[in-house]
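A short write-up of the structure that comes next.
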Amino acid sequence: MSRNLLARKLKNYLMTSLTLLTSALAVIPLASILHAAIVEGGRTLLEAGVNFLMELPPTPLSSSVGGVAPALLGSVLATSLAIIISGPVAFLTAFLVTEFPNSIFSKAFEVVVRSFSGIPSLIVSMFVYSVVVVRMGTQSLLAGSLSLAIVVLPYTYVYFTSAMRSVPETVREAAMSLGMSRFQALRHVYVGVSRKYILTGVLMSCVRAFGDTAPLLFTMGFLMNSVFAGLLQPSNSLPVLIFAYALSPYEVFHRVAWGATLLLIVIYLTLFSLTRGLLRGVRL
Amino acid sequence: MIFLPKSDKVVFYSILPLVIGVLGFFITVGFFMLHQALPSFMRFGVDLLVSSVWSPAEDPGREVYGLAAPFLGSLYVSALATLFALPLSVALTFSTTEILPRHVAGLLRNVVEVMGGLPTVVYGLWGSLVLSPYLRDSVMKPLHNYLGFLPIFSCRPITGYSVLTASIVLATATTPYVTALLIEGYGMIPAKYKEGILSLGATRYEVFKLLLGLLRPYVIASSLLGFSRALGETTIVALTIGNAVKPTLCIFDPTHTIPSLIASQFESARLYTYALPTLFAGGSLLLAVSLGVSYVGIKMIYTWRGRIHV
């Protein structure tokens, strides 16, 4: 009996140690990524200084690393535009679906949008290319933003529905018992109660839009010779810049890619911890 | 809808067009892909799925394309990635739910979440510039030298860009997603089961093992969802797979997946008559498979959830 117990305890010990080791293995890549980004990217950033944020990318044979200004500005603009386009649509549809869940449209919307959030975002890029870029004759900031907006919409929608559902039933009933219409309740009560969730949803959508490469691949263009060319002209973005430079054989492009990666990671971590800080405050 | 007060009806009917519009738009995207792919389906028929050539030509009559290699490559790479990601995810689930003390577990969960949201292009760059030279020298070459008689290790590793590299990086990026699903599922198991097992004096490992048995359909479903996500991943694969149009079983060979083929050929494809439709055919195929697999996965999760809460 006691030998049996000993054997079981030993097995427990072995398996938990093995599990912890495997877990460590799973997060080692993150450590390696951060290490590489800080060492390689740090070198680039130190060499270029603040100009990395304000200058144009280098030519393949130039000795200085230049900067990523077109990509940084393009990313910021495209992300903001995408959120401005998809946010209101996601908000209104989420409101309708959570308030009138029994309507056939709500049910269909729920199924279609949720499955759309799982499809490859490259497909959206191909779609926007054929519908917008071909017609306009050029890749553009607008096409890129539209593509991002389509990709982000299902995510924003899911965050907003959970924001709407976070409104406690008691609060909902109280609003109704005052004789408010649904729209008044939304305007005066729900938005206030769930504002942190809504803000979190917006920020998480920004995180997603800022880092996504595939939707911009065929739509955004690759602007290198000026910082900003206009809404209907090609632009650039950090993820696509990193992608293209990683594929190129030139040493100087790899260095720029590392610098841009460090920048991207810093922006990502900032946005991510912002949402964390927000969510911590949510206790009703 | 009939019993709603008038003001609510106004709200409903004023937002409804938007809902129908978005709904219609998403369905249109699916049909649009098929529509664009049609010329290629008509021209090459079954050959599109059986042969693997990519030879564009000025004269449309001499263009020949086949998607067999990238399609099999997609399935192969995603399957391997899921296979690598599953044990990691199960281990992370066990660690964070049963083994580690609460705040350490919370920290680990945050780290995993950071990994899950990290832009994929960062994984891609790391995979292509850091991991692939390392894998070539310290994993692929020894494996090839000592176990080269096995078909999967039989080819000589040359550049480091290979099926193996792509699937390892893909696994790293998929693990957080599968882990999040598993932790959610584990939390859904009613407390009575755990209490029952604990009251019999089970060790932590035994508790987890028994509960994992209960969770099995959910684990399979999460793997399917992870597989579906890996299938559509573009950036990581395009940077690490080496881009070669030939089917292969050996994991040290470069090959293509459908997304990586699209990413690398799309720009030049518009110069030829059938190249672009063929890429759209690949896209439709990808869309169909990934929607199908996710549908099965989500269905399994719903069934399981209904069964566990009786």
Side-chain angles (χ1 to χ4, degrees), chain A residues 8-9 11-12 15-16 19-20 22-23 25-27 29-30 32-33 36-37 89 92-93 95-97 100 103 105 108-109 112-113 115-116 118-124 126-127 130 153 181-183 207 211-214 217-218 239 242-243 246-247 254 257-258 261 264-265 268-269 272 276, chain B residues 1 5 7-8 11-12 15-16 18-20 22-23 26-27 29 32-33 36 87-88 91-92 94-95 99 108 111-112 114-115 117-126 128-130 172 175 203-206 228-229 231-232 234-235 239 259 262-263 266 279-280 283 286-287 290-291 294-295:
Chain A
R8 280 174 52 208
K9 280 199 164 160
K11 194 169 179 189
N12 179 46
M15 290 312 285
T16 44
T19 304
L20 288 177
T22 317
S23 304
L25 186 68
V27 293
L30 182 67
S32 172
I33 288 172
V89 178
L92 288 175
T93 49
F95 173 64
L96 185 126
V97 170
F100 307 96
S103 153
F105 295 106
F109 194 80
V112 170
V113 173
S115 34
F116 205 85
I119 74 156
S121 48
L122 188 68
I123 298 223
V124 175
M126 295 170 83
F127 174 79
S130 317
L153 180 63
S181 74
R182 308 248 174 177
F183 190 67
V207 170
D212 217 343
T213 320
L217 224 43
F218 316 132
I242 298 170
F243 181 74
L247 278 175
H254 289 180
W258 276 117
T261 302
L264 190 62
I265 291 179
Y268 162 67
L269 286 179
F272 189 87
R276 274 303 111 113
Chain B
M1 289 301 129
S7 62
D8 285 359
V11 171
F12 183 77
I15 309 182
L16 194 61
L18 189 70
V19 169
I20 295 175
V22 176
L23 203 61
F26 281 146
I27 295 169
V29 172
F32 181 83
M33 295 297 292
Q36 294 291 90
L88 297 179
L92 282 172
F94 187 18
S95 302
I99 304 176
L108 184 59
V111 169
V112 174
V114 166
M115 283 181 80
L118 201 65
T120 48
V121 71
V122 175
Y123 285 104
L125 182 77
W126 172 76
S128 88
L129 297 184
V130 178
T172 314
T175 302
T203 60
R204 272 195 288 215
Y205 166 65
E206 286 161 346
S228 158
R229 178 164 282 211
L231 212 53
T234 313
T235 331
L239 286 174
I262 295 174
F266 198 81
L279 291 183
F280 272 99
L286 195 69
L287 189 61
S290 99
L291 276 180
S294 332
Y295 176 77

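All chains are named by letter (A, B, ...) in the order of the sequence lines, taking the proteins before the strands, and each is independently numbered beginning at 1. The shown structure was predicted, so the numbers you read here are calculated from the model rather than taken from an experiment.
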**OP:** Mind ranking B/V112, B/V114, B/L231 by heavy-atom pairs under 4.5 Å with chain A and telling me who comes out on top?
**Re:** B/V114
Subject >> Side chain / backbone / both / neither for B/L291 at chain A, heavy atoms under 4.5 Å >> reply: side chain
Original post:
Most heavy-atom pairs under 4.5 angstrom with chain A, which of B/Y123, B/W126, B/Y295?
Top reply: B/W126
Subject >> Contacting region of B/L92 [heavy-atom separation from chain A under 4.5 Å] >> reply: both
Original post:
Does any heavy atom of chain B fall under 4.5 Å from the side chain of A/L30, the backbone, both, or neither of them?
Top reply: both
Original post:
What pair of heavy atoms forms the shortest contact from B/I99 to B/R204, and how long is it?
Top reply: O-NH1, 3.4 Å
Original post:
Looking at A/S115, A/S121, A/S32, which makes the most heavy-atom pairs under 4.5 Å with chain B?
Top reply: A/S32
Original post:
So which of B/T234, B/I27, B/L125 has the biggest tally of heavy-atom pairs under 4.5 Å with chain A?
Top reply: B/L125
Original post:
Relative to chain B, which segment of A/A257 carries a heavy atom at a distance below 4.5 Å: side chain, backbone, both, or neither?
Top reply: both
**OP:** Name the member of B/G232, B/P87, B/P119 that forms the most heavy-atom pairs with chain A at distances under 4.5 Å.
**Re:** B/P119
**OP:** Indicate the atoms forming the closest heavy-atom contact of B/L279 with B/I262, along with that distance.
**Re:** O-CD1, 3.8 Å
Subject >> Parallel, tilted or perpendicular: ring planes of B/Y205 versus B/F94, cut at 30 and 60 degrees >> reply: tilted
**OP:** Could you tell me which portion of A/F243 (side chain, backbone, both or neither) has an atom closer than 4.5 angstrom to a non-hydrogen atom of chain B?
**Re:** both
Original post:
Which atom names give the shortest non-hydrogen contact between B/F280 and A/S130, and what distance separates them?
Top reply: CZ-OG, 3.1 Å
**OP:** Specify which of A/I119, A/V112, A/L122, A/L25 makes the most heavy-atom pairs with chain B at under 4.5 Å.
**Re:** A/L122
Subject >> Winner by heavy-atom pair count (cut-off under 4.5 Å) against chain B, out of A/M15, A/K11, A/K9 >> reply: A/M15
**OP:** Just give me the residue among A/T22, A/T93, A/V113, A/L96 that pairs up with chain B most often, heavy atom to heavy atom, under 4.5 Å.
**Re:** A/L96
Original post:
Taking all non-hydrogen atoms of both residues, which atom of A/S103 and which atom of B/F12 are closest, and how far apart?
Top reply: OG-CZ, 3.6 Å
Subject >> Pairwise side-chain contact, B/V121 with A/L264, heavy-atom cut-off 4.5 Å (strictly under) >> reply: yes
Subject >> Between CZ on residue A/F116 and CD1 on residue A/I123, distance to nearest 0.5 Å >> reply: 8.5 Å
Original post:
Taking every heavy-atom pair that is under 4.5 Å apart, which of A/L247, A/V97, A/L20 has the most such pairs with chain B?
Top reply: A/L20
**OP:** Among the options A/T213, A/V124, A/D212, pick out the one with the most heavy-atom pairs lying under 4.5 Å from chain B.
**Re:** A/T213
Original post:
Hey, are A/T19 and B/S95 close enough side-chain-wise for a donor-acceptor pair under 3.5 Å?
Top reply: no
**OP:** Any chance you could measure A/H254, atom NE2, to A/T261, atom OG1, to the nearest 0.5 Å?
**Re:** 11.0 Å
**OP:** Step through it carefully: locate the ring centre of A/Y268, locate the ring centre of A/F272, and say whether they are under 6.0 Å apart.
**Re:** yes
**OP:** Look at B/L16, B/T175, B/L286, B/T120 and state which one has the largest set of heavy-atom pairs under 4.5 Å with chain A.
**Re:** B/L16
Original post:
What part of B/T203 is in contact with chain A, defined as an atom under 4.5 angstrom from a non-hydrogen atom: side chain, backbone, both or neither?
Top reply: both
Original post:
Do you know which of B/L108, B/L239, B/V111 has the most heavy-atom pairs with chain A at a distance under 4.5 angstrom?
Top reply: B/L239
Original post:
Take atom CZ in B/F26; do more than 12 heavy atoms of anything else shown fall under 6.0 Å from it?
Top reply: yes
